[in-house]
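See below for the structure under consideration.
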Amino acid sequence: MQKFKSYTLNKLEKIPQLSGLSEEQMEEIKIVSSIYPFKTNNYVLENLIDWNNIPNDPIFRLNFPHKEMLIPEHFEQLKRVRATGTKEELKEVIYNIRMKLNPHPAGQKELNGAFLEEKKLEGIQHKYKDILLFFPSQSQTCHAYCTFCFRWPQFINDLDFKIQSKEIDPLLKYLSENPQITEVLFTGGDPMIMNSRVLDSYIEPLLKVDSIKTIRIGTKALSYWPYKFTTDEDAEGMLNVLRKITKAGKHLGFMAHFNHPKELEPPVVKEAIDKLRSIGAVIRTQSPLLRFINNDAKTWTTMWEKQVQLGCIPYYMFLPRDTGAQHYFAETLENAHKLYTEAIRNCSGLASTAKGPVMSMTHGKVEILGVKNNSYTLRYVKHRDHSKTFKTFIAEPITPNPMWIDDLVEVKEEVPNY
Ligand SMILES: *Cc1c(COP(=O)(O)O)cnc(C)c1O
Ligand code: SF4
């Protein structure tokens, strides 16, 4: 059995693989980790990162913060205050920088709330008609953290930005009042950080709700800790709880987060996928497109083909959200569309199922369909106003090299406009 061993900022010096780094490199990691939460674990360190290829190794970039994630002004300010300031000053600088990083983009807090008798429910987001996001309080962390994570405010205790719920009752009540909701998506953090007993306390009551046809689990455990489903002491227990979902005749959808084909290579990943498929789970995969990690068409083709071989279904290619280090990770919209097209073109039909490139923004999820002469054809693959879902529209840039939907302005609706 593999024992889970995690490392956060205060245990950075204890990571054996970092012993070759210079003091300056260590200091850089510490500075950036004072803003973005850092966490790694023994599986990632030993199986996913190629230590002969740092700092450019894609999984190192995925998991370890690096200087360029902060704008130079913030980096220098932190460096200075760390060297010469008081604890209080440092705390204030960290807080101020974090607030500038748009910790809750796309109106998540204000717009996506779920209400019962005018009272806002904790840990629930209801943006799209038929699907609800549920944030169990026990899943507000992950087995390791991704540097580009747009959920990073969830992991920081002193920011008042957590979305979480300890209780299932308000959720059940909300579902009974909203029978149009057919799906509940467990998210976080990573719900697969929960143990089987806690997960069961949420799943068991949900199974009795007839209107719920699908339970989805958004997770990166297959990448960051696949033992969760294989050799962990609680692995059988987890599988037993999850099996109840399919036994009850509901769809069990795993939304697995993989950013690079390297994450699919260790044999234990196949074992974990086989276990999940054996209980009837359907595993769909998603990832953002990220500079320095996977911004290469061949990487995506390889990743999607390999996923299909393992029995997964490619589902979304996202663009990194406008929170945190977007300036560092984002490609231009045009490059993203080119790369997506090239990647899909080289895939077998079965591996070309991913929608993309997709931006998740205030009104919905928007897919880039084409770019020509500075004119962007876009489509809402999902819109909070259900009648606009799948509407196509044309937009033009308001800045050179647009990287996000805010850099465009809608100029006209396209067909179909029913
Ligand atoms: C993406 C998303 C979903 C799920 O969307 P699908 O396209 O059905 O996978 C649900 N709720 C929110 C808030 C989302 O952002
Ligand atoms: S696994 Fe998901 S929630 Fe966790 S750090 Fe990575 S992107 Fe964020």
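Looking at heavy atoms from C-beta onward, D50 lies in side-chain contact with K262 at the 4.5 angstrom threshold. I283 places a side-chain heavy atom less than 4.5 Å from the side chain of L276. Contact of the K220 side chain with the N259 side chain is registered, since non-hydrogen atoms from C-beta on lie closer than 4.5 Å. Taking the side chain as every heavy atom from C-beta outward, F75 and E28 approach each other to under 4.5 Å. For the pair L171 and L132, the minimum side-chain heavy-atom distance is below 4.5 Å. Contact annotation: the side chain of L45 approaches that of I15 to within less than 4.5 Å [non-hydrogen atoms, C-beta and beyond]. Contact check for P266 versus L48: side-chain heavy atoms found under the 4.5 Å cut-off. K30 is listed as a side-chain neighbour of L12, based on a closest heavy-atom distance under 4.5 Å.
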Audit row: H386, D130, side-chain contact (heavy atoms from CB on, under 4.5 Å) steps and yes/no: CA-CA 9 Å; H386 185 62; D130 51 357; 5.6 Å; no

Determine whether F4 and H143 satisfy the following criterion, ring-ring contact (aromatic ring centres under 6.0 Å, His included), listing intermediate values before the conclusion. CA-CA 9 Å; F4 181 67; H143 293 97; 5.5 Å; yes

Would V381 and Y316 count as a side-chain contact (heavy atoms from CB on, under 4.5 Å) if you check the C-alpha gap in whole Å, the side-chain angles of each, and the deciding distance to 0.1 Å? CA-CA 11 Å; V381 287; Y316 268 133; 3.9 Å; yes

Decide side-chain contact (heavy atoms from CB on, under 4.5 Å) for I394 and L378; before the verdict, give the C-alpha distance in whole Å, the side-chain angles of both, and the deciding distance to 0.1 Å. CA-CA 6 Å; I394 307 278; L378 305 159; over 6 Å; no

side-chain contact (heavy atoms from CB on, under 4.5 Å) for R197 and V241? Distances and angles first, verdict last. CA-CA 8 Å; R197 187 182 47 81; V241 172; over 6 Å; no

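For the atom pair I29 CD1 and L9 CG, the distance stands at 10.0 Å (nearest 0.5 Å). Within the model, atoms OG1 of T285 and CD of E263 stand 11.0 Å from one another, a figure rounded to the nearest 0.5 Å. Atoms CD1 and NZ, on I31 and K67 in that order, are 8.5 Å from each other to the nearest 0.5 Å. For the atom pair OG1 (T299) and CG (L290), the distance works out to 11.5 Å, reported to the nearest 0.5 Å. We find the SG-CD distance between C312 and Q286 to be 12.0 Å, quoted to the nearest 0.5 Å.
The main-chain N or O of Y174 is found under 3.5 Å from a side-chain atom of N178 such that the two form a donor-acceptor pair. T389 places a side-chain N or O within donor-acceptor distance of the main-chain N or O of H383, the cut-off being under 3.5 Å. Remark: side-chain polar atoms of D407 are paired, donor with acceptor, to backbone N or O of M403 under 3.5 angstrom. Looking at N41, its side chain does come within 3.5 Å of a backbone N or O of Y224 through a donor-acceptor pair. Under the 3.5 Å distance criterion, the side-chain polar atoms of K388 are left unmatched by any main-chain donor or acceptor of Y380. In this structure a side-chain-to-backbone donor-acceptor pair under 3.5 Å is missing from S352 to I344. Between the N294 side chain and the H260 main chain, no donor and acceptor come within less than 3.5 Å of each other. Distance alone, capped at 3.5 Å, is enough to place a donor-acceptor pair between the T323 side chain and the L101 backbone.
A salt bridge links E177 with K173: the closest approach of a Lys/Arg side-chain nitrogen to an acidic carboxylate oxygen falls below 4.0 angstrom. Salt bridge status for E410 with K391: present, with a side-chain N to carboxylate O gap under 4.0 Å.
With a 6.0 Å cutoff to the six-membered ring centre and a 45° limit on the axis angle, K14 does not count as a cation-pi contact of Y7. In this structure, K382 satisfies the cation-pi test against Y128, with its NZ or CZ atom closer than 6.0 Å to the six-membered ring centre and inside 45 degrees of the ring normal.
The minimum heavy-atom distance linking E236 with K275 is given by the pair OE2-NZ, 4.2 Å. Residues L133 and R151 share a closest heavy-atom pair of CD2-NH2, 4.0 Å. For R284 against G253, the heavy-atom pair with the smallest separation is NH1-CA, 4.3 Å. Heavy-atom minimum distance, L339 versus N295: CD1-C, 3.4 Å. Counting all heavy atoms, side chain and backbone alike, I313 lies closest to V282 at CD1-CG1, 3.7 Å. Smallest separation of non-hydrogen atoms from V308 and P314: CG2-CD, 3.8 Å.
F115 is linked by a ring pair (Phe, Tyr, Trp, His ring centres under 6.0 Å) to nothing, counting only residues two or more places apart in sequence or in another chain. For Y328, the ring pair (Phe, Tyr, Trp, His ring centres under 6.0 Å) test picks out H66, F292, with sequence neighbours left out. Not a single salt bridge (charged side-chain N to carboxylate O under 4.0 Å, His left out) links K250 to another residue, sequence neighbours left out.
For the residue pair S375 and N373, no side-chain donor N or O sits within less than 3.5 Å of a side-chain acceptor on the partner. T230 and D232 form no side-chain donor-acceptor contact under 3.5 Å, judged by distance and modelled atom types alone. Side-chain contact check for D190 and T219: at least one donor-acceptor pair (N or O, by modelled atom type) lies under 3.5 Å. Side-chain N/O atoms of Q140 and Q154 include a donor and acceptor closer than 3.5 Å.
Between Y227 and Y43, the distance from one ring center to the other falls under 6.0 angstrom. For an aromatic pair to be called close, the ring centres must be under 6.0 Å apart, and W300 with Y340 fails this.
Of the options F155, F64, W152, Y145, a ring-ring contact (aromatic ring centres under 6.0 Å, His included) to F38 is made by F64 and by none of the others.
Sequence neighbours left out, the pairs with a member in residues 351-368 that pass salt bridge (charged side-chain N to carboxylate O under 4.0 Å, His left out) are E367-R379. Annotation: side chain to side chain donor-acceptor pair (under 3.5 Å) contacts involving residues 205-218, sequence neighbours excluded, comprise E183-R216. Listed by first and then second residue, the salt bridge (charged side-chain N to carboxylate O under 4.0 Å, His left out) pairs that reach into residues 289-312 come to none, sequence neighbours excluded.
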